[in-house]
Amino acid sequence: MAGHGAYRGGRSAPMPRLDLDARVSTANQFPGSGVSVKAPQGAVRDAPRAAFAPAQDPCPPVSRVGGVAGFRHFMARARQAPAVPRNADLTLVDGELPQQSAESESRLRKRMAHLARRLASEKEWPSALAGNLKSWENPAIPAGYTYFLQLIGHDLIESAVPVAESGDPSTSGGNLRRAPLVLETLYGGGPMQTPLAYRAEPDRSPRRYLRLGPMLMRGDGVAPYRDIARAPTFPDFAGAPMFRPKDAGQCPFGRTEALIADPRNDETANLSQLLVAFSLFHNCIVARLETTDGRDHAATADEADVDRFLCARTIVSLVYRHIIRNDVLPRILHPDVLKAYQKPSPTFLDKDMAAGDLRPTLEFAHAAFRFGHGMVRDHYAFSHARAAENPEGFDLAQIIRQSSAGNAPHLPADDRWIASWSRFFAFEGLGRPDFSRRIGPSSATGLADAVGFRKPHPEGENGLDYRDLISAGLVRLWSLDPLIAELGRAAPGLIGRSDLLSNAGLRRDALESWLRRGNSDPRSPEIGKLAMDPPLPFFIRFEAAWAGRGGGGEGRHLGILGSIIVAETIYGALVHAPLKAENTAKRLSEMIKDTICAQLGGKALSALPELTGETDIDTMPKLLAAIPKLYGGRLPGPAFL
């Protein structure tokens with residue numbers, strides 16, 4: 001069984017399982033995960049354009065499209081071979097590609113530094129969206145969705161080296177993800193390929209539970225396992241002083257290693273706490289399934305344990321994808337775009353996506369999906385239990401440093417860092433949550449922090465906005481005007497609904513007006529050049545702030561262009577790579593029942609009445625509310641919700 005044969009240890013006569021489909025090529029099975037995905041057979045047969053690697057080949061050669069392995073350009077097939085836009089359609093710097101010469105790259109960096117400083121100067125919106133809100137707050141998107149979006153981004157894209165740091169797209173490692181939206185960012189390659197992410201038990205050989213770590217409790221409290229697992233290590237030169245760097249100081253013996261499948265999920269305390277929530281959900285499901293006798297559907301106890309793990313992973317992935325469809329995308333997409341894509345078989349504008357090529361586009365990865373950086377708040381409060389001691393919460397610099405990489409000597413953290421989830425998501429009867437920032441061309445002050453976001457170039461600027469702009473320039477994205485023209489031919493109805501997209505003169509006037517307002521150098525010639533050809537990540541956020549027709553409703557959601565790029569990528573993954581049990585014509589509870597029956601047999605249905613009943617988990621608050629119920633009514637430590 002290609003999906004999980006390495007983990008299973010060999011079964012002489014494998015029974016038909018939920019993750020196999022005779023009509024689908026096994027080239028689309030996800031190694032080590034127990035989860036299969038489906039894509040059109042044409043896409044599987046077309047080897048250079050195949051979306052996933054064969055299970056028996058963990059490190060396949062990846063074709064380089066648009067200069068970055070594992071990615072492609074949005075709408076590029078319309079230009080025929082080669083499958084990239086013409087040079088005239090790419091973002092240029094005074095008529096040259098950014099990497100055409102040292103001078104053109106220097107001009108790119110100076111221009112992006114100018115724009116980054118302008119983004120940093122835009123602190124407040126002219127007026128609030130409601131009378132009881134601060135001017136920057138977005139009541140449509142509570143603060144927790146910022147980090148759920150980051151988790152989705154990590155689940156779609158993993159690169160070895162950020163382009164902004166390497167300066168060369170060809171050395172970034174490309175996209176290392178082989179299957180989209182199956183929570184590889186949580187599960188890694190499964191217990192055999194990524195054992196450090198799973199709890200070892202001396203009396204049981206197959207690992208089934210995701211690791212969690214304890215928090216520090218002040219007073220007489222018992223430390224709850226409500227953090228990701230962390231471990232200390234000795235310095236690399238321990239025991240070999242001859243290799244000790246001359247300038248090495250005293251190495252702090254803290255918990256420097258995050259024992260998780262994707263280390264990026266320890267970049268902030270917000271994201272690591274969200275990972276804990278999904279880990280708890282998985283572990284609760286495994287624990288419940290272990291109350292049933294799995295040996296009526298498996299030959300040995302070990303095989304029954306493997307079946308329970310695979311069943312739990314599939315259930316968690318089904319819930320995760322259901323929330324993306326029903327909770328996340330409706331919040332971030334323009335209503336007209338949502339209506340066009342939120343159907344069982346949407347029409348994809350990108351012909352490669354329509355054919356099942358699921359490689360993320362460069363325009364998604366380096367522009368459209370970076371909009372979430374504009375949603376980050378300057379402060380976050382975590383625990384209700386310690387609210388009196390820390391009423392304002394932690395500032396962003398503290399949150400960025402609260403990781404094994406940034407604060408190892410002081411980990412594990414104390415219980416002030418345990419998330420009370422009603423601060424991050426809206427629960428009925430639990431008060432108003434904190435909201436994200438409105439989506440627009442401004443960022444939290446902390447995102448310019450020099451420690452959290454190192455300079456990608458000796459002469460560059462600090463901050464995440466600058467890094468995003470440089471990455472976009474170096475990977476050679478579509479230039480805005482040709483991209484709008486291409487989309488206008490493919491979807492004139494959608495593009496025509498936006499004044500900003502359909503009227504080039506209006507667009508340039510609006511951009512130039514914004515760039516001059518509050519600019520430290522309002523007469524700079526860079527302003528006119530940026531207005532004529534704005535970097536795509538900047539324009540996506542500018543469009544979201546646009547109050548006119550087709551914009552983002554003053555930062556409530558994305559505008560039409562940003563929504564199309566995001567919808568094509570995420571709906572493409574949901575439609576072309578469904579889990580075997582996934583069927584949009586069914587309720588989620590029915591899909592979960594089908595999963596349990598196929599993996600463990602009908603007797604196991606009684607183990608999870610909370611998930612197989614009438615209430616579907618289609619929002620993040622519903623998922624988080626289900627975890628204490630699965631846990632037995634309570635979780636240790638400060639209040640979970």
Can you tell me how far the [atom1] atom of [X] sits from the [atom2] atom of [Y], to the nearest 0.5 Å?
X	Y	atom1	atom2	answer
L635	L641	CG	CG	8.0 Å
L447	D378	CG	CG	7.5 Å
S442	W136	OG	CH2	11.0 Å
R331	S436	CZ	OG	9.5 Å
R438	L133	CZ	CG	9.0 Å
L588	H322	CG	NE2	4.5 Å

So, using salt bridge (Lys or Arg N to Asp or Glu O under 4.0 Å) as the criterion, who are the partners of R370 when residues are at least two apart? D468
Suppose we screen for salt bridge (Lys or Arg N to Asp or Glu O under 4.0 Å). Which residues come up paired with R432, at least two apart in sequence or across chains? E137
Partner of D465 under salt bridge (charged side-chain N to carboxylate O under 4.0 Å, His left out), chosen from R541, R118, R117: R541
Is it the case that the side chain of S563 and the backbone of H334 share a donor-acceptor pair, with hydrogens and angles ignored and the cut-off at 3.5 Å? yes
Does OH belonging to Y225 count more than 12 external heavy atoms closer than 6.0 Å? no
Got a sec: does the NE2 of H410 have more than 12 other heavy atoms crowding it under 6.0 Å? no
With [X], which residues qualify under ring pair (Phe, Tyr, Trp, His ring centres under 6.0 Å), at least two apart?
X	answer
F427	none
Y631	none
H373	none

Do the side chains of [X] and [Y] get close enough for a salt bridge, i.e. N-O under 4.0 angstrom?
X	Y	value
R177	E158	yes
K622	D616	no
K134	D434	no

How are the rings of [X] and [Y] set relative to one another: parallel (under 30°), tilted (30 to 60°) or perpendicular (over 60°)?
X	Y	answer
F369	F371	perpendicular
F148	Y145	perpendicular
Y380	F424	parallel

Just so I know, are the side chains of [X] and [Y] near enough to count as touching, which here means a heavy-atom distance under 4.5 Å?
X	Y	value
L259	R230	no
P330	Q342	yes
L280	F640	yes

Partner set under side-chain contact (heavy atoms from CB on, under 4.5 Å) for S383, not counting sequence neighbours: A385, R386, S420, P638
Pair N326, T619 - check side chain to side chain donor-acceptor pair (under 3.5 Å), show working. CA-CA 7 Å; N326 295 284; T619 67; over 6 Å; no
Do R208 and F309 meet the cation-pi criteria used here (NZ or CZ under 6.0 Å from the six-membered ring centre, within 45° of the axis)? no
Aromatic contact between [X] and [Y], with the criterion being ring centroids under 6.0 Å apart: yes or no?
X	Y	value
Y187	H282	yes
F364	F71	no
F281	Y320	no

Go through the steps for R255 and S404 under the test side chain to side chain donor-acceptor pair (under 3.5 Å), then give the verdict. CA-CA 6 Å; R255 300 192 178 211; S404 285; over 6 Å; no
For D155 and T185, which I'm curious about, is there any donor-acceptor pair between the side chains at under 3.5 Å? no
Given L396 and T445, is the side-chain contact (heavy atoms from CB on, under 4.5 Å) satisfied, shown in steps? CA-CA 8 Å; L396 195 54; T445 304; over 6 Å; no
Tell me, with the steps shown, if Y341 and E568 meet side chain to side chain donor-acceptor pair (under 3.5 Å). CA-CA 8 Å; Y341 285 87; E568 287 271 325; 2.5 Å; yes
Out of I627, L623, L210, which residue meets the side chain to side chain contact (heavy atoms under 4.5 Å, CB included) rule with F278? L623
